[in-house]
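Worksheet: the structure to be examined is printed underneath.
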Amino acid sequence: MRKRDLRGWLVARDDGGTDLDAALAGAWEDGVAAAAQALDLEAGKAALLAVCGQQPDAGTPGSAPPVPHGHALDTCRQRPGGWLRAGAVAAARARAAIASTARPAEGQRGPVRRRRRLVIAAAAAVIVAAGSIWYGLGGAGRPAGAVKELTAVNGCPGLAATSGTLERVTGTSLVLKTPGGEPVTATISASAKISRQVSRTVSAITNGTQVVVAGTGSAGGIAARVITVATLAKLHSPPPPIHRGHGRPSRHERRLPAGAGRAEGTVADARAGGFTLITSGGFRIQVTTSGLTRVYTQARSTVGQLRPGVFTIAVGSAKSDGTLAAATIEQGTGMMHFQHGGGIVAQPWLGCSPTAVATAAFLTAG
Amino acid sequence: MTTAGEKLDSVNPAEIGTFYEHEMPRLVLFVTVSTGLDGHAAADVAQTAFEKALPRWAALRHPRAWLYRVAQNEALARCEALRREVPVDAVPDRPDYLSAALAAEWRAEQREVISHLQGLAPVQRRVMTWTLAGFSDAEIAGALQLTTHAVRQSRYYARRNLAKRLGFRRRGSR
């Protein structure tokens with residue numbers, strides 16, 4: 001089948017419904033992005049291949065057992081976590097246990113109601129057991145802050161973070177020295193996203209770029225001191241795309257005094273010496289730049305490119321031994337240390353992926 | 001990279017893995033929007049569809065359409081089972097990461113669009129979700145056992161209803 005560009009396919013038709021089609025396509029594509037973030041695709045893929053004999057389970061500790069085939073409909077609803085992030089192992093265990101407990105041999109099935117009770121009772125037992133295992137492993141139910149020098153991510157259960165100066169890199173392990181002076185080890189998987197801060201010139205800021213601006217605010221706008229170019233595809237919600245009153249001036253087209261000296265949004269009307277920043281609420285802020293304005297962005301990196309002595313943020317899940325299984329590593333000099341004890345706060349519009357949390361911490365720095 | 005809809009000549013784990021990574025989020029969203037199942041159930045339905053597809057992958061002429069059709073049937077069967085079941089005990093609450101992610105990702109306007117999409121009549125909703133999933137009229141007709149004319153007609157009414165409910169000035173078309 002020919003692959004089609006959904007948005008293009010829908011929007012290209014000049015049939016009077018382009019606004020509707022764009023709204024539908026936008027919601028769909030953003031929904032796909034959100035689903036991709038929420039799902040633990042690696043675990044699901046491994047389970048799929050294991051089920052079908054393509055990748056036999058090696059029996060490593062914590063790995064999901066082979067999942068019985070063809071009984072999902074009547075049993076999997078009872079599973080505690082589905083194939084969603086942080087729940088795959090417990091789910092697979094639950095699924096296997098439920099199957100062995102609740103499914104009598106052919107020809108020995110009891111009344112439907114009795115079987116249903118058995119299924120639910122088994123599910124409840126397995127949920128408790130799986131939950132205990134999960135808690136024991138430092139999963140979502142466990143406050144990440146309980147692990148020394150790991151910081152909870154408020155609003156994102158199951159995520160933990162740490163930050164500090166990178167002391168050394170040993171293979172796929174990083175040792176960070178936290179502000180409290182404690183070394184914290186972060187292990188990096190092959191799929192971990194690593195990035196580091198790089199400098200850019202003001203000319204890198206073009207229309208449509210999503211940025212965070214920090215500087216001196218006044219009623220006339222912001223004199224930018226530091227501009228951070230967003231590293232996520234969707235830094236924030238852009239101005240409402242649905243204009244119900246065609247030709248009517250948008251109520252969002254108004255100006256906001258930028259007294260706080262800090263704002264984030266999408267660049268418009270980029271020109272020499274400044275640009276207009278459109279915030280998520282539709283406010284327009286005039287930003288002026290100068291030769292003193294510094295521009296940073298995050299670039300993809302490798303473990304070998306991380307530099308000792310530079311401030312580093314690691315986000316992932318806490319392990320029972322006090323280390324962090326890092327899913328995202330970000331390094332840069334312009335980032336601020338976490339508020340240890342209070343935890344970091346996820347930005348709702350960015351979501352709860354490790355990258356989004358690292359970016360949230362990054363954006364709230366300075 | 002194997003793109004969506006391409007037929008895989010053999011069951012190559014790497015290609016299956018790539019296809020899975022590409023299609024799984026789309027399939028989960030498809031199930032969620034078209035049936036209203038929560039994130040866990042939708043992910044489970046999608047995973048089940050993949051499990052069923054993989055053993056016969058090489059024999060499938062249109063694996064992607066087959067996958068979505070199986071997922072849809074699984075989801076509808078599950079909805080029916082949920083309707084019939086009388087719970088004897090409460091299932092403990094569990095965090096729905098997908099719903100949380102969608103809530104974080106979707107703006108208010110987008111949530112409104114999806115809400116109205118889910119409020120359409122069943123056939124219209126299915127035609128629209130299949131369309132949004134990128135299938136052609138012929139593929140949708142085959143999956144939903146409709147004629148292509150009926151598909152276009154349902155989409156016309158669906159878009160008209162959506163445009164009306166969302167306050168768009170101009171009406172939808174086929």
Side-chain angles (χ1 to χ4, degrees), chain A residues 1-4 6 15-17 19-20 23-28 30-39 41 44-45 47-49 51-52 54-55 69 72-74 76-85 116-117 120 123-124 127 140 157 234 237 240-242 244 246 348-352, chain B residues 3-5 11 13 16-17 20-21 24-26 28-29 33 39-41 43-44 47-48 50-51 54-55 62 64-65 74 77-78 81 85 87-89 91-92 94-95 97-98 100-102 104-107 109-110 113-114 117 132 134 136 139 159 162-163 166-173:
Chain A
M1 189 187 75
R2 182 172 60 85
K3 182 184 178 185
R4 84 176 78 235
L6 175 63
D15 57 8
D19 283 348
L20 172 64
L24 283 167
W28 190 265
D30 288 347
V32 168
Q37 285 189 353
L39 294 166
L41 294 175
K45 185 170 63 178
L48 174 68
L49 295 176
V51 166
C52 298
Q54 295 297 322
Q55 184 177 306
H69 192 54
L73 190 60
D74 57 346
C76 58
R77 178 171 160 264
Q78 313 301 333
R79 299 186 313 150
W83 295 108
L84 298 177
R85 185 176 300 283
R116 192 173 295 150
R117 284 177 180 162
I120 294 176
I127 287 168
K234 181 176 286 299
S237 300
I242 298 177
R244 297 180 180 176
H246 290 269
W349 62 85
L350 293 176
C352 268
Chain B
T3 57
V11 183
I16 289 287
Y20 178 90
E21 287 177 354
M24 182 66 176
R26 289 162 175 78
V28 170
L29 182 68
V33 172
H40 295 283
D44 221 17
Q47 187 77 15
T48 302
F50 271 101
E51 287 177 11
L54 198 50
H62 303 289
R64 185 167 180 263
E74 286 277 357
R78 180 173 296 226
E85 280 186 356
V88 296
D89 198 2
V91 177
R94 51 188 180 175
Y97 292 99
L98 176 65
L102 290 175
E105 185 75 18
W106 276 336
R107 300 185 299 274
E109 297 83 3
Q110 292 178 320
V113 168
I114 295 297
L117 177 62
L132 287 166
S136 67
E139 289 169 324
R159 297 177 76 246
L162 284 172
L166 290 166
F168 287 101
R169 191 178 60 176
R170 303 177 75 172
R171 298 299 176 90
S173 71

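Computed from heavy atoms alone, side chains included, the values below leave out hydrogens, waters and symmetry copies. Reminder, nothing fancy here: chain letters follow the sequence lines and each chain counts from 1.
For the pair B:R159 and A:L20, the tightest heavy-atom approach, listed with the atom from each and the gap, is O-CD2, 3.4 Å. Scanning all heavy atoms of the two residues, the minimum distance from B:V113 to A:L24 falls at CG1-CD2, 3.4 Å. The two residues A:L41 and B:E21 come nearest to each other via the heavy atoms CD1-O, 3.9 Å. Closest approach of B:L132 and A:A25 over heavy atoms only: CD2-N, 4.3 Å.
Annotation: the span from B:I114 atom CD1 to A:D30 atom CG amounts to 9.5 Å, rounded to 0.5 Å.
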